Engineer: 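Sharing a structure, written as structure tokens. Questions coming.
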Amino acid sequence: MRVSKLFGKTQKETPAEAETASHRLLLRAGMINQVAAGVYSYLPLGLRVLKKIAGIIRDEMDKAGGQELMMPVLQPLELWQETGRDKAFGRGLFTLSDRRERRLVLGPTHEEVVTRLVGHNVQSYRDLPLLLYQIQAKFRDEPRPRGGLIRIREFSMKDLYSFDTDEEGLDKSYKKMLQAYKNIYTRCGLPSLQVEADSGAIGGKDSHEFMVVTEDGEDEVIYCEKCKYAANVEKAQSVKGRVEGGEPLPREEVATPGAGSIEEVAGFFKIPPSHTLKAVFYIADGKLVFIVVRGDIEVNEVKLKNALGCTDLRFATEDEVTQAGIVAGAASPIGIKGLKIIADDSITSGTNFVAGANKPETHLKNVNYPRDFKADLVTDIAQAHAGEECPRCGGKLSSTRGIEVGHVFKLGTFLSEKLGALFIDADGASHPIIMGCYGIGLDRLLAAAIELHHDDKGITWPISIAPYHIYLCALHTEDPDVAAAAEKAYNDLEAQGLEVLFDDRAESPGVKFNDADLLGIPIRVTISPRTLEKNSAEIKKRSEKEARLVPLEGISSKLTELVSQGLSGLSNPV
RNA sequence: CGGGGUGUAGCGCAGUUGGCAGCGCGCAGCGUUUGGGACGCUGAGGUCGGCGGUUCAAGUCCGCCCACCCCGACCA
């Protein structure tokens, strides 16, 4: 490709809205263009990167035994109503009506469609296991798109679905995918961290995310250096510890003027917050629920949502709490009737807690569970933090931020049961097919690659996903010798199968070098009167400072070698 | 959803008490230049986000709307 003909210009100045490195550089490099919030066009250079990533993913999916297919973006809403996941997605679902007023959705994912498809095409255990995948546009009406390509509303996703006859089969498929995912990130030049993840209200047992660790990441990961425990903070656990309160004592009412918040109450009684019980109120699917946690613990909303099995969760307003007959500042689970009470298991970690009395400015001493009140559910709904103890080995937990570039789930049989995707086993008995699903966001992977691979001059693409391998830079194109030598080199290199971006513009050297750096092409080859004096061209890697002269004779085989070296450096030993 | 902010040329921005629509980059033409974003001259390019209002006069003041960006999704 000739730069003079390339659609998409580089920019010196960064568009105002861009904050993250990948967003800034993609815009400046002329690789993407914003159409609406969370909606982007890919220009030729950006698209080449996306296609490279797709190629690597496709290769690894095929190697793992996946079969590629293509499902539609348009899907009937009824299909989503059958599984109830229209509600789970809620307003994140893009919906529309056709001319006959039939309701359709723009697919946010394809479990429903693929399950129905497999239901139609699989009858026997002999047809299983099965791995089906596609690379295709997904639509999600995110509440807040952000960071350029990091969170967008129309995005490219590789989604693979596994279908097995039993749990062992699912385990096998799952492990295959974990390995394939690791290979993909390695080949894209991205060190990835596999972490335990929340699987959502409708998920199955196991779920893992793959994170690219970077400051600008949206997600927080809690991990243990010692035993390698790592989990998304949404899922992460930590040791809550015991609170020594002695033998249970008789309950006692105490006037606590002016003490409302946990800090004030703890201060009033001169006890640490961990010796109190905190009441928190949420509205879950329209209903007020009463949450009790130890005073030093915060509620993890994702865990709570899972515990409640609800799709919509928000804080209750003060009015809603008061109307339920609860006294703000002294709320108490004791004597509450008609409200669902969910407690964190930390309330059983000690004795003689201080809790509200549900009377203005009054608290209760020596509250003990389950002597004094009963929760409908006692489970882990606590937020874990760095600095706390690892639940596996007791080591100290740390925290980092990351970009989620992949997510895999063991789905189980929820969807196959709902949609009638069954198989007959060897004994003639019918069972629902056991499913897993495995997703990679290509656009986000692309953005994450830039977050990790850039410097003050621009992008530094790993060669496996760079839009071109070589930036051929001709200086003094008005010199016929330069023009001829550069044209010849361009043709020779392309003939060798190398991907060359040929800067044939009549621009000054500075402009060309800066563009080469901004675009992040891994190898720069310069031909100028100066290099021609020595019958040479100059080769410089984007990652290195120094250039070196190489004879023009045989330069294409020299460069072929460099490129294949670079590519093999990223691939996994199979 | 809540909070904050921004909309003026392709991009980055200025525009005072309401009084001719500006600058830099980029773009086009000509000329001089060329190893890390060269220079001169000439030129093109605008529903000032939209609608309504106030006014002799609105980019500027008022109202409504829209779009986009950023922060938060822990208070009993």
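All values reported here derive from a predicted model rather than from experimental measurement.
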Engineer: If I take atom CD in residue A:Glu301 and atom P in nucleotide B:rC1, what distance separates them, rounded to the nearest angstrom?
Structural biologist: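 Answer to the nearest Å: 18 Å.
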Engineer: With RNA chain B as reference, determine whether A:Lys278 or A:Pro145 sits nearer its 5' end, using the nearest nucleotide of each.
Structural biologist: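 Its nearest nucleotide being more 5', the pick is A:Pro145.
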Engineer: Do the two ring centres, one from A:Phe290 and one from A:Phe281, sit under 6.0 Å apart?
Structural biologist: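 A:Phe290 vs A:Phe281: aromatic centres under 6.0 Å.
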Engineer: Determine the Euclidean distance between corresponding P atoms of B:rG49 and B:rC13; express it in Å to zero decimal places.
Structural biologist: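 Those two atoms are separated by 15 Å.
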Engineer: In this structure, how many angstroms lie between the P atom of B:rC69 and the CD1 atom of A:Ile152, rounded?
Structural biologist: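 Whole-Å distance recorded here is 12 Å.
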Engineer: Could you give the distance separating B:rU6 and B:rC74 at their P atoms, to the nearest angstrom?
Structural biologist: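 Pairwise P distance, B:rC74 against B:rU6, rounds to 26 Å.
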Engineer: Has A:Arg524 got its NZ or CZ under 6.0 Å from the middle of the six-membered ring of A:Phe513, at an angle within 45 degrees of the ring axis?
Structural biologist: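 Cation-pi check for A:Arg524 and A:Phe513: passes.
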Engineer: Taking the C1' atom in each of B:rU33 and B:rG50, what is the distance between them to the nearest angstrom?
Structural biologist: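 Their C1' atoms lie roughly 47 Å apart.
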Engineer: Roughly how far apart, to the nearest Å, are B:rG53 and B:rC41 at atom C1'?
Structural biologist: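 Each nucleotide's C1' atom is 47 Å from the other's.
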Engineer: Between A:Asn358 (CG) and B:rA76 (P), how many Å, whole number?
Structural biologist: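 A:Asn358 atom CG is separated from B:rA76 atom P by 16 Å.
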Engineer: Establish, yes or no, whether the cationic atom of A:Arg48 lies under 6.0 Å from the six-membered ring centre of A:Tyr468 and within 45° of the ring axis.
Structural biologist: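 Cation-pi check for A:Arg48 and A:Tyr468: passes.
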Engineer: Nearest-Å distance, CD1 (A:Ile150) to P (B:rC71)?
Structural biologist: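 For the pair A:Ile150 CD1 and B:rC71 P, the rounded distance is 11 Å.
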Engineer: Could you give the distance from NZ (A:Lys558) to CD (A:Glu553), rounded to the nearest 0.5 Å?
Structural biologist: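 So the gap between those two atoms works out to 14.5 Å.
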Engineer: Does one side chain, of A:Asp515 or A:Thr10, offer a donor that lies under 3.5 Å from an acceptor on the other?
Structural biologist: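 Their side chains do contain a donor-acceptor pair, which is all the 3.5 Å distance test asks for.
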Engineer: If only side-chain N and O atoms of A:Arg146 are considered, is one of them under 4.0 Å from the OP1 or OP2 phosphate oxygen of B:rC71?
Structural biologist: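 Checking B:rC71 against A:Arg146, a side-chain N or O does come within under 4.0 Å of OP1 or OP2.
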Engineer: Return the value, rounded to whole Å, for the distance between atom CG of A:Leu27 and atom P of B:rC11.
Structural biologist: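 About 11 Å, once rounded to whole Å.
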Engineer: Between A:Arg91 (CZ) and B:rC1 (P), how many Å, whole number?
Structural biologist: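 Checked: the CZ to P distance equals 6 Å.
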Engineer: If each of A:Ala316 and A:Gly38 is mapped to the nucleotide of RNA chain B with the nearest heavy atom, which maps nearer the 5' terminus, i.e. the 5' end?
Structural biologist: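 Going by which nucleotide is closer to the 5' end, it is A:Gly38.
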Engineer: Once the angle between the rings of A:Tyr490 and A:Phe502 is folded into 0 to 90°, is it parallel (under 30°), tilted (30 to 60°) or perpendicular (over 60°)?
Structural biologist: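 The rings of A:Tyr490 and A:Phe502 sit tilted, inter-plane angle from 30° to 60°.
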Engineer: Under 30°, 30 to 60°, or over 60°: which ring-plane class applies to A:Tyr369 and A:Phe373, parallel, tilted or perpendicular?
Structural biologist: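 Aromatic pair A:Tyr369/A:Phe373 classed perpendicular.
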Engineer: Represent RNA chain B in dot-bracket notation, 5' to 3'. Only Watson-Crick or G-U wobble pairs with both distances under 3.5 Å count; pseudoknot-style crossings use [ ] and interstrand partners use |.
Structural biologist: (((((((..((((.....[..)))).((((((.....)))))).....(((((..]....))))))))))))....
Engineer: Using whole Å, report how far CG of A:Leu304 lies from P of B:rC74.
Structural biologist: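 That distance rounds to 12 Å.
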Engineer: Grab the CD-P distance between A:Glu13 and B:rC25 for me, whole Å please.
Structural biologist: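 Rounding to the nearest Å, CD of A:Glu13 and P of B:rC25 are 10 Å apart.
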Engineer: Does the pair A:Leu475 and A:Val482 meet the rule for a side-chain contact (heavy atoms from CB on, under 4.5 Å), with working shown?
Structural biologist: CA-CA 7 Å; A:Leu475 304 184; A:Val482 169; 5.9 Å; no
Engineer: Would you sort out whether A:Thr109 and A:Phe89 count as a side-chain contact (heavy atoms from CB on, under 4.5 Å), showing the intermediate values?
Structural biologist: CA-CA 10 Å; A:Thr109 175; A:Phe89 267 92; 3.8 Å; yes
Engineer: Which one of A:Arg314, A:Lys305, A:Glu301, A:Lys287 satisfies the side chain to side chain donor-acceptor pair (under 3.5 Å) criterion with A:Tyr282?
Structural biologist: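 That would be A:Glu301; it is the only one of A:Arg314, A:Lys305, A:Glu301, A:Lys287 passing the side chain to side chain donor-acceptor pair (under 3.5 Å) with A:Tyr282.
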Engineer: Using a 4.0 Å heavy-atom cut-off to protein, can you give one letter per nucleotide of nucleotides 28-46 of chain B, 5' to 3': B if the base is in contact, S if only the sugar-phosphate is, - if neither?
Structural biologist: ------BBBBS--------
